[in-house]
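For reference, the structure is listed below as structure tokens.
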Number of protein chains: 2
Amino acid sequence: MADTRWLDAEEQATWRAFLGASRAIFEELDRQLLRDAGMPLTYYEVLVRLSEAEGRQLRMHELARLSGTSRSRLSHAVTRLEEQGWVARRDCPEDGRGAYATLTEDGFEALREAAPGHVEAVRTLLFDPLTAEQVATLGTISEQVLRAARPDLAPPPPARPRPPTTGTTG
Amino acid sequence: MADTRWLDAEEQATWRAFLGASRAIFEELDRQLLRDAGMPLTYYEVLVRLSEAEGRQLRMHELARLSGTSRSRLSHAVTRLEEQGWVARRDCPEDGRGAYATLTEDGFEALREAAPGHVEAVRTLLFDPLTAEQVATLGTISEQVLRAARPDLAPPPPARPRPPTTGTTG
DNA sequence: ACAATGTTGTTCAGTGTTCAACTACTAGCG
DNA sequence: CGCTAGTAGTTGAACACTGAACAACATTGT
């Protein structure tokens, strides 16, 4: 608590640019999806994860983890998505507490229609302003930050050439 | 509309890492501030901008622009901050429509107390996991993205050595 | 079998955010 | 001057999110 490691001028500038850029991106993505597809970004994410899952269904807690969202938020979201007919809840036979969320055919269709506009927006906002090299660096940086904050969400670190083990591990 | 420029596998990975990392950062910052200082990140930003302004006051629209927020959101926020006694509204003599938001002494104090914990969190979440070089690159990247999305918020581009002009510009 | 502990998912109340409508004023132009 | 158009700021209703509390079930250990 004693001495705060304040940000110097350059760090401040970096932080504010990052804050501004991230906000701009996510707000615009949210607006775009809400306008063109009738769902906010977080709901879109939920549909994406479901669409990628085995049998287009997932346990609630797993869906929450994959979407990087809280169980409470997901529960609300699925209720809403159920009203729209895009997701259905199913009881879980293996675990009496559990519940599956399933992507309906309508939900899959909604996702298919929403995807192009969303991807285009991601490109316009994030990738187009950057060089290929910058994109690569951004990937590395993001993964490192993610690994520090949410190790459970980060992909495994790059398989770099490592010093050979002895091979006599016991 | 015809052909969507889909993301390839690497772009996907980059996008998801960026999405995850940003979300993790902002959610944690919000939690931290709400817990330790009783205000969400967006309100903190408002106080910061006011504290840096001439006379610790700003016109609402200018405060909204600087905080990267909408007028509506700011209006609600200032109402809330006013109830907390951290901000006060003042009529604007120059413009009958206008209003100033002023940071109160209490608000300044609240900001002073909130700052260390917030800065520490920013460091832990964003800067500590990165090398100095990565931080520098992140700065450049963020500024470019910000300039593309919100030119009004971006700092002027770096003063790089440019081809000398003729000096006979007319 | 039983108690203690942990997990899953939902709900509630409180709060924040969005969009569109609205009032009040200013500015530009004939 | 009077008209039109634009800007500043606020409001309300619908919606989303949070943390905490809760019920239901699973797991562990004895």
Side-chain angles (χ1 to χ4, degrees), chain A residues 23-24 26-47 57-84 86-102 152, chain B residues 23-24 26-47 57-84 86-102 152:
Chain A
R23 264 222 276 264
F26 295 123
E27 278 174 15
E28 180 51 28
L29 287 181
D30 226 41
R31 232 189 308 278
Q32 185 271 323
L33 273 174
L34 210 49
R35 190 186 50 220
D36 300 345
M39 63 183 116
L41 178 58
T42 41
Y43 290 18
Y44 179 86
E45 280 276 312
V46 167
L47 297 191
Q57 65 172 9
L58 281 171
R59 288 288 298 273
M60 291 294 281
H61 69 116
E62 182 66 4
L63 181 51
R65 195 186 62 79
L66 288 173
S67 318
T69 195
S70 70
R71 268 170 304 147
S72 170
R73 171 154 65 175
L74 178 62
S75 193
H76 287 293
V78 167
T79 301
R80 219 82 183 63
L81 289 168
E82 221 174 355
E83 289 168 12
Q84 312 247 357
W86 290 340
V87 166
R89 273 186 236 251
R90 267 197 343 116
D91 276 6
C92 173
E94 297 87 46
D95 189 330
R97 301 163 297 181
Y100 280 106
T102 324
D152 57 323
Chain B
R23 264 221 275 263
F26 294 123
E27 277 173 16
E28 179 52 29
L29 287 180
D30 225 41
R31 235 189 308 276
Q32 185 273 324
L33 273 173
L34 211 49
R35 189 186 52 220
D36 300 346
M39 62 183 117
L41 178 57
T42 42
Y43 290 18
Y44 179 85
E45 279 276 313
V46 167
L47 297 191
Q57 64 172 11
L58 282 171
R59 288 288 297 273
M60 292 294 281
H61 69 116
E62 182 66 3
L63 181 51
R65 195 186 63 78
L66 289 173
S67 317
T69 195
S70 71
R71 269 169 309 150
S72 169
R73 171 154 66 175
L74 178 62
S75 193
H76 288 295
V78 166
T79 301
R80 219 83 183 63
L81 289 169
E82 221 175 357
E83 289 168 12
Q84 312 246 357
W86 290 341
V87 166
R89 275 186 234 250
R90 269 198 339 117
D91 277 6
C92 173
E94 298 88 46
D95 189 330
R97 301 163 297 183
Y100 280 106
T102 324
D152 57 322

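Sequence lines set the chain letters: A, B, ... in the order given, protein chains first and strands last, and positions in each chain run from 1. Just so you know, these numbers use all the heavy atoms, side chains as well, and skip hydrogens, waters and symmetry mates.
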Stretch residues 86-96 of chain B: residues that reach within less than 4.0 Å of DNA chain C through a heavy atom: B:D95, B:G96
Atom CG of A:D152 with >12 non-hydrogen neighbours under 6.0 angstrom: yes
Heavy-atom contact window of chain A on DNA chain D, given 5' to 3' at under 4.0 Å: D:dC15 to D:dA26
From A:L66 atom CG to A:H61 atom NE2, the distance as rounded to the nearest 0.5 Å: 10.0 Å
Any residue meeting side chain to side chain donor-acceptor pair (under 3.5 Å) with B:T79, in chain and number order, not counting sequence neighbours: B:R89
Sugar-phosphate only, base, or nothing, as touched by A:Y100 at under 4.0 Å among non-hydrogen atoms: nothing
Interatomic distance, A:Q57 atom CD to A:C92 atom SG [nearest 0.5 angstrom]: 9.0 Å
Side-chain donor/acceptor of A:R80 to backbone N/O of A:M39, under 3.5 Å: no
Pairwise distance CG(B:L63) to CG(B:L74) - rounded to 0.5 angstrom: 4.5 Å
Residues in contact with DNA chain D, drawn from residues 31-42 of chain B - heavy-atom cutoff 4.0 Å: B:R31
Boundaries of the DNA chain C segment in contact with chain A, non-hydrogen, under 4.0 Å: C:dG6 to C:dC19
Gap between atom OH of B:Y43 and atom CH2 of B:W86 - 0.5 Å precision: 10.5 Å
Separation between CD of A:E45 and OG1 of A:T42, rounded to the nearest 0.5 Å: 8.5 Å
Bend angle of the helix from C:dA1-D:dT30 to C:dG30-D:dC1, from helix axes over five pairs at each end, nearest 10°: 20°
Using distance only, find each side-chain donor-acceptor pair of residues 27-37 of chain B under 3.5 Å and give its atom names and separation, not counting sequence neighbours.
from, atom 1, to, atom 2, distance (Å)
B:E27, OE2, A:R73, NH2, 2.8
B:E28, OE1, B:R31, NE, 3.3
B:D30, OD1, B:L41, N, 2.8
B:Q32, NE2, B:D36, OD2, 3.2

Partners passing side chain to side chain donor-acceptor pair (under 3.5 Å) against B:R59 (at least two apart in sequence or in another chain): none
Side chain to side chain contact (heavy atoms under 4.5 Å, CB included) partners of A:A99, counting only residues at least two apart: A:M60
Where B:Y100 and B:P93 come nearest, the two heavy atoms and their spacing: CE1-CD, 4.0 Å
Residues touching DNA chain C, which here means a heavy atom under 4.0 Å, drawn from residues 59-75 of chain A: A:R59, A:M60, A:H61, A:R71, A:S72, A:S75
Interface with DNA chain C, restricted to residues 76-83 of chain B and to heavy atoms under 4.0 Å: B:H76, B:R80
Residues which pass ring-ring contact (aromatic ring centres under 6.0 Å, His included) with A:Y44, listed by chain and number, not counting sequence neighbours: A:H118
